[in-house]
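Throughout, protein chains are lettered first and strands after them, A, B, ... in sequence-line order, and every chain is numbered starting at 1.
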Amino acid sequence: MQIAIASGKGGTGKTTLSVNLATLLSQQISEDITILLADMDVEEPNSGLFLKGELLRSEVKYRMVADWDEKRCTFCERCANICEFNAIAYLGISVMVFPELCHSCYACSDLCPEDALPMIPRRMGETKEYRLTDRLYFMESRLDIGVEQATPLIEQSRKHIEESSTENTIVIIDAPPGTSCPVIEAVKDADIVLLVTEPTPFGLHDLTLAVDTMQELKKPIAVVINKYGIGNRDVEKYCADKQIPVIGKIPNLKEAAMMYSKGEILVDSIPEIRKEIANIYQNIIKLTKSNQ
Amino acid sequence: MKEIVVLSGKGGTGKTSITASFAALGAKQMVLADCDVDAADMHLLTAPETILTEDFYSGKEAFIKTEGCVHCYKCIKACHFDAISVINGDFVVDPMECEGCSYCFHVCPTRTIEMNSRLAGKFYVSKTRFGNTLVHARLGIAADNSGKLVTKVREEAKKIASDQQSEYILVDASPGIGCPVVASLTGAHFVVLVTEPTVSGIHDLERVYEVIEKLKIKTGCIINKVDINKEMANKTKDFLKEKGIPLLGELPYDHQFTKAITIGKTVVEYDDDIIKALIENSWKKVKDLVDKI
Amino acid sequence: MKVLIAAKNEGWDAMVSDRFGRAPGFSVYDSDTQKLTWHSNADNLQAEHGVGIQAAQIAASHKAEVVITGGNFGPKASEVLQKTGARLIDYAGNITVKESIEKYIG
């Protein structure tokens, strides 16, 4: 099973829920199941700050970009005319390729009559896998500074998970915030998407955007309200109207905020939160069963 | 005219609350630009009246006409994004997967594929309840690369600011380190970083500062929720000192922020005591530093 | 010698544009004929990315030896222009196309 944890807005508690849900499940669930927590918020991967484990492997991730071969080029200008991303500059006596603008579509490379634009690998980030306990594994993908496109790294990470997980793995995805391509790529294989929000007008507004996106993708969704107790009840009203299940309300506790600030796990020391996270998991099981 | 960008690596640090407070304090001098186009929230606090709405197109998407298609599979073989599939015998492009690269268009032997401009969102110019102009946008679902929309919002704000002879453009930037952030920052005069003293807050502050350093923009920093963790607050201050980033203010963890948001107000309008004074002081420091540039 | 000037509009009296990649257009001055030709940049304004590269390509296609803008060139545009060997003049000031040629070319 794959559970993605997303939110329209950053800072609502996406990482907190991911890390604590993964930790709790690894302690509670039957022995033949392993938990893999995957941080796909590649621009700002933060789950790893809360988890310490043994590094199993680390892999540099590349994507293919076009590269100019001066010796073969006959300066026909076709590549520069084909490229929709302005990644190729034709200068009459020279051709320049800007790899950061290249979308790896292969059009220039395949359509060049002289094979003068071979595709070459370019580094975009790194994926690391850790073992925390026999039951809990953690994977993190991290975009290099200066790399502008997050989606290709997320796509590779997603495929990586697909290969390394079995039917006895529960995968928990810490997705990037927002509603654009990165989050869509991250939740592609998810059986259910939990949208984390806070009960404020900002939380509500960004939740509505996230709901629209997930519905467009036809993903089953459920809402978790974090910092429950602040703000107002408009998020609950909205969910009731839209018939979106609210499967958890994590109370707003200053103690939790303090522990979060130090990078500590909440389920091990705050019983109220442990209970609520266990409850969230039970609700996920119920929902995914009824969806099937 | 100076462009000030309010930025935070991590979401939820209070960036929009602080930006809107600056907007309330310096309304007459500025044009506002909400570049957090993925989750634009500034309008929730400034209750704007929309003056202009425009569709925003960005990039292309392929469309295969049924008539003329000879089912040669060349487009499917060409596409590196698996965006073309055969549904009930017809070749169909999934717009969510299509990157708009035109490869299929170039290989189609019967010229049956069209490349159309892609509707990527909406763009607005509004009047806020403070009386100044807000330029904002809303990215369409699954739209790629908000960078261009961010650039569009900033350019429109610049035009308006130059027409109105405003002193400042205040930009609420999107979080992260990717393309929309770079688009929010390039060519700006000053960055106000907003952070919180948590492990995540420091981690993201360090990452986003690397981006700013590369672009060589003058920077100051506000630590929000400073009392939540003294040790992390000190660590944050050490980082700022090491990098020579002036501390523009320290704000306490206070429910006034949420209470103000809940009734659609900025915190400087809601609280007339300590928080207001602290934010006023930060805004003054920002202006002093910006005016020297 | 040819000079390419990022300009807000066509003609000698148009102001120099402080944008390069997203300038409304480019005036190309040929010192041999002393004539000015206009190259609209309208297509480029719609582009998502790489407008600086496109603009620099226009300069290259005209074999401009000097390129003038009222603002800065941006990292990618300068990278391309340096490759063409053109002399780059940025922050030319709030002046007209004519004034910019008088000031920098003489």
Side-chain angles (χ1 to χ4, degrees), chain A residues 7-15 41-46 49-50 64 82-85 103-107 110-111 143 145-151 176-182 184 198-202 205-206 209-210 212-213 216-217 227 230-232 234 254 257-258 260-263, chain B residues 8-13 16 38-39 41 44-45 59-60 78-81 96 99-103 106-107 115 138-139 141-147 174-182 196-201 203-204 207-208 210-211 214 225 228-229 231-232 253 255 258-259 261-262 264:
Chain A
S7 69
K9 170 182 183 298
T12 55
K14 201 167 49 61
T15 300
D41 187 359
V42 301
E43 285 187 51
E44 305 292 9
N46 283 347
L49 298 169
F50 297 84
M64 301 304 282
I82 285 172
C83 181
E84 294 285 356
F85 309 107
H103 280 229
S104 315
C105 75
Y106 286 71
D110 292 353
L111 298 174
L143 195 68
I145 304 272
V147 175
E148 295 187 6
Q149 298 174 43
T151 315
T179 56
S180 55
C181 281
I184 288 164
E198 52 182 43
T200 64
F202 283 6
H205 175 254
D206 299 337
L209 301 177
D212 288 350
T213 307
E216 181 88 19
L217 296 173
K227 301 183 198 163
I230 64 166
N232 59 26
D234 289 353
K254 192 152 188 182
M258 301 275 281
Y260 168 83
S261 74
K262 290 184 222 158
Chain B
S8 139
K10 182 182 175 305
T13 56
T16 302
D38 229 7
D41 286 340
L44 298 172
L45 296 185
K60 292 181 177 172
C79 181
H80 277 259
F81 306 103
M96 293 273 240
E99 290 265 321
C101 71
S102 298
Y103 193 175
H106 290 291
V107 297
M115 296 305 299
R138 181 172 175 170
L139 200 62
I141 290 169
D144 190 14
N145 226 327
S146 33
S174 59
I177 59 157
C179 172
V181 178
V182 176
E196 59 177 39
T198 64
V199 283
S200 311
H203 172 260
D204 295 348
R207 262 168 90 78
V208 79
E210 268 189 64
V211 177
K214 278 197 172 174
K225 311 177 197 174
I228 210 165
N229 186 328
E231 191 196 330
M232 293 294 158
Y253 181 75
H255 291 302
T258 318
K259 283 181 184 154
I261 292 171
T262 307

Find the one option among Glu44(A), Lys9(A), Glu148(A), Glu84(A) whose heavy-atom pairs under 4.5 Å with chain B are most numerous.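 The candidate making the most pairs under 4.5 Å is Glu44(A).
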
Options Asp41(A), Ile82(A), Val42(A), ranked by heavy-atom pairs under 4.5 Å with chain B, top entry: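 Looking at each of Asp41(A), Ile82(A), Val42(A) in turn, Ile82(A) comes out on top.
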
For Asp206(A), all residues meeting side-chain hydrogen bond (donor to acceptor under 3.5 Å, both in side chains), sequence neighbours excluded: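 In terms of side-chain hydrogen bond (donor to acceptor under 3.5 Å, both in side chains), with neighbours along the sequence ignored, Asp206(A) is linked to no residue.
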
Name the region of [X], side chain, backbone, both or neither, that has any atom closer than 4.5 Å to a heavy atom of chain A.
X: Glu196(B); result: side chain
X: Thr258(B); result: side chain
X: Lys214(B); result: side chain
X: Leu44(B); result: side chain

Could you measure the distance from the [atom1] atom of [X] to the [atom2] atom of [Y]? Nearest 0.5 Å is fine.
X: Cys101(B); Y: Tyr106(A); atom1: SG; atom2: OH; answer: 12.0 Å
X: His205(A); Y: Asp41(B); atom1: NE2; atom2: CG; answer: 6.0 Å
X: Ile177(B); Y: Ile145(A); atom1: CD1; atom2: CD1; answer: 4.0 Å
X: Asn46(A); Y: Lys10(B); atom1: CG; atom2: NZ; answer: 7.0 Å
X: Ile261(B); Y: His255(B); atom1: CD1; atom2: NE2; answer: 12.5 Å

Contact class of [X] relative to chain B, heavy atoms under 4.5 angstrom:
X: Ala257(A); answer: both
X: Pro177(A); answer: backbone
X: Pro45(A); answer: both
X: Thr15(A); answer: neither
X: Phe85(A); answer: side chain
X: Lys14(A); answer: neither

Between chain A and each of [options], count heavy-atom pairs under 4.5 Å; write down the option with the most.
options: Cys79(B), Gly201(B), Gly12(B), Ser8(B); result: Gly12(B)
options: Arg138(B), Arg207(B), Glu210(B), His106(B); result: Arg207(B)
options: Val211(B), Val181(B), Val208(B), Asp204(B); result: Asp204(B)
options: Met232(B), His203(B), Met115(B), Lys259(B); result: His203(B)

Say whether, by atom type as modelled, one donor and one acceptor occur between the side chain of Glu198(A) and the main chain of Thr12(A) under 3.5 angstrom.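 No; zero donor-acceptor contacts below 3.5 Å.
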
For a quick test of reading the model, state the closest non-hydrogen atom pair linking Leu139(B) to Asp38(B) and the distance between them.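 In terms of heavy atoms, the two residues are closest at CD2-OD1, 3.6 Å.
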
Non-neighbouring partners of Phe202(A) that pass ring pair (Phe, Tyr, Trp, His ring centres under 6.0 Å), sequence neighbours left out: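 Phe202(A): no ring pair (Phe, Tyr, Trp, His ring centres under 6.0 Å) contacts found.
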
Measuring only between side-chain heavy atoms, which start at C-beta, is Thr200(A) closer than 4.5 Å to Ile230(A)?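 The answer is yes; the side chains approach within 4.5 Å.
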
